[in-house]
There are 2 protein chains.
Amino acid sequence: MKPIPTRTVERLFRYGQLLHAKKEAGAEAVFSRELAQAVDVSPEQVRRDLMNFHLKGTPQQGYPVEQLLRKLYEHLETQAATKIALLGVGNLGKAILSYFLRRRPNLSIVAAFDTDPEKAGRVYAGSQVYHISQLEKIAARENITVGVITVPAASAQQSADLLVKAGIRAILNFAPTQLQLPREIYLENIDITLSIEKAAYFSRKSGTDRRHGK
Amino acid sequence: MKPIPTRTVERLFRYGQLLHAKKEAGAEAVFSRELAQAVDVSPEQVRRDLMNFHLKGTPQQGYPVEQLLRKLYEHLETQAATKIALLGVGNLGKAILSYFLRRRPNLSIVAAFDTDPEKAGRVYAGSQVYHISQLEKIAARENITVGVITVPAASAQQSADLLVKAGIRAILNFAPTQLQLPREIYLENIDITLSIEKAAYFSRKSGTDRRHGK
DNA sequence: AGAGCAACGTTAATTGATTCACGTTATTTG
DNA sequence: CAAATAACGTGAATCAATTAACGTTGCTCT
Ligand SMILES: NC(=O)c1ccc[n+]([C@@H]2O[C@H](COP(=O)([O-])OP(=O)(O)OC[C@H]3O[C@@H](n4cnc5c(N)ncnc54)[C@H](O)[C@@H]3O)[C@@H](O)[C@H]2O)c1
Ligand SMILES: NC(=O)c1ccc[n+]([C@@H]2O[C@H](COP(=O)([O-])OP(=O)(O)OC[C@H]3O[C@@H](n4cnc5c(N)ncnc54)[C@H](O)[C@@H]3O)[C@@H](O)[C@H]2O)c1
């Protein structure tokens, strides 16, 4: 199977959201136009995206919800749940921990790490917090593949290096720093301050009807 | 002045981060290559971005830090601080409130709102929390132009409508929903779950050296 | 059963962003 | 002082992503 572009993957996940809702509601089929609206793109874009895995829809009903969902998740998810480690149990880290507590069965934050001896050993929001020195051992034992960085910017690179050494394959970085990583590690940055700055900027530029966001 | 593309604006803000650091360190000049590394793009990209506002650099020194910073912020920021309202003082909302407490002088969250009568009237992380019914009044009084949505997904559209009614110009939305808004309102979505899903996805696809994030 | 049509599937055209390539310029060096 | 050089400025080429166009398909209706 040919690799699917990042932007497309993002949309596929978002189609998934609507499809779940549709399925809950008992709908059998869905039109490209509905999917398009839910993700704020054109129906052509949707059809093009779905081409990536040869899904057939019919003109009258659109795409069969059940089958589409199955095919989508066949590509987007593994059988086994993805195991995630979070580094930095501060304000943001705790918010994320509490949110992911049994929200998505296939995505679970199985361990949190911090340098603060006060936090290590305790349980926050249902997650065991370990001292950072335990990372490599636990990552190997639990087969953790994704790391979330919510430490202060000054420690972010160091945390990233530890994650790489521990064998993780992808990093979600909330610190406002550009991490230097081996090219085979997937990196996604979420810079909340930057996003607010952008919003502030465009709030002043009138009439620009741009739509953005990961 | 011609409008600057969104992607470029984002990079400009990030150049700003390095420039601040350079200035602190007492550097007089900076090369496109340095800026490029800090943002993970090519030097050509940097030079092209800076073309947007006719900044002249010299081959030997590069760009004058002081002047570049000034010109950058002339375009990126207003004189007056941007005033921000946050809706939904939950886990995530509180983390953001505490983070923005006098972090950036030009970006301040001046009021927070919630429906929960327990929260309204109290002060969280240095911010006064009001009942949502006060939004329109306070937004007008304080001249708030940006709204941050950290309410549950089910309430997000309703919150967005209130913000628009209150006259804000840009929204930063953390709820996993596609908001329907008038075209003149700038919208930026941050979907943390989606970002984690993407990271999980690409952690399995080997060798893709993609770099992403708002 | 055939006309109408609404939405799909796909190819082609367009748009936009990034990279390439190269001429220009301000030092530094022999 | 001319040659070398290192980085800038920018037009042209490339590349990726989106949009447009259009033939195809499988119902519905008369
Ligand atoms: N909270 C927000 O809304 C917000 C907004 C924008 C950016 N950020 C970024 O997110 C990151 C975290 O923000 P926060 O508000 O949660 O900060 P915080 O100070 O509340 O939490 C940081 C946590 O990381 C721990 N830590 C420090 N060094 C560590 C290390 N080397 N290894 C492991 N743990 C370590 C600290 O003990 C602390 O618990 C920062 O980089 C910040 O810039 C946060
Ligand atoms: N916390 C995270 O890490 C995280 C991760 C991914 C997505 N999100 C999204 O961010 C949003 C907030 O998440 P959270 O974890 O902070 O939730 P939360 O339940 O902790 O907080 C929600 C807050 O919003 C308030 N609220 C509810 N309806 C409201 C309304 N109509 N107007 C104003 N306030 C209202 C509630 O009283 C509560 O204080 C949700 O949409 C969630 O899906 C959060």
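The chains referred to below are lettered A, B, ... by the order of the sequence lines, with proteins before strands, and numbering in each begins at 1.
- Rounded to whole Å, atom C1' of C:dA21 lies 9 Å from atom CD of B:Glu44.
- For C:dG16, the base has no donor-acceptor partner in the side chain of B:Arg7 [N/O atoms by modelled type, under 3.5 angstrom].
- For the pair A:Ser32 and C:dA7, the criterion of a side-chain N or O lying under 4.0 Å from OP1 or OP2 is not met.
- Rounded to an integer number of Å, the gap from CZ of A:Phe31 to P of D:dT25 is 19 Å.
- Atom CG in A:Asn52 sits about 16 Å away from atom C1' in C:dC8, given to the nearest Å.
- The distance between atom CG of A:Leu68 and atom P of C:dC8, rounded to the nearest whole Å, is 11 Å.
- When the side-chain nitrogen and oxygen atoms of A:Gln60 are compared with OP1 and OP2 of C:dA7, none of them lie within a distance under 4.0 Å.
- To the nearest 0.5 Å, atom CD1 of residue A:Ile196 and atom OG1 of residue B:Thr82 are 10.5 Å apart.
- Note on B:Arg33: only backbone sugar-phosphate atoms sit closer than 4.0 angstrom, heavy atoms only; bases stay farther off.
- Using a 4.0 Å heavy-atom criterion, one finds that A:Thr8 contacts no nucleic acid atom at all.
- The nearest whole Å value for the distance from the CD atom in B:Gln45 to the P atom in D:dT10 is 15 Å.
- Rounded to an integer number of Å, the gap from CE of A:Met51 to P of C:dA12 is 12 Å.
- The nearest heavy atom of DNA chain D to A:Arg11 and to A:Gln61 marks one nucleotide each, and the one closer to the 5' end goes with A:Arg11.
- Pairs engaging residues 138-165 of chain A under the side-chain hydrogen bond (donor to acceptor under 3.5 Å, both in side chains) rule: A:Lys83-A:Glu142, A:Gln157-A:Asp161 [sequence neighbours left out].
- A donor-acceptor contact under 3.5 angstrom links the side-chain atoms of A:Arg48 to the base of D:dT19.
- Side chains of A:Asp49 and A:Tyr15: a donor-acceptor N/O pair is present below 3.5 angstrom, by distance only.
- The distance from the OH atom of A:Tyr186 to the OH atom of B:Tyr201 is 10.5 Å, given to the nearest 0.5 Å.
- Look at B:Thr58 and you won't find any side-chain N or O under 4.0 angstrom from OP1 or OP2 of C:dA26.
- Among the candidates A:Leu50, A:Val46, A:Val41, the single residue satisfying the side-chain contact (heavy atoms from CB on, under 4.5 Å) test with A:Ser32 is A:Val46.
- B:Leu35 places its CG atom 12 Å from the P atom of D:dG9, with the value rounded to the nearest Å.
- Taking atom NZ of B:Lys56 as the reference point, atom P of C:dT24 lies 14 Å away to the nearest angstrom.
- Positionally, the nearest nucleotide of DNA chain D for B:Pro59 lies more toward the 5' end than for the other of B:Pro59 and A:Arg47.
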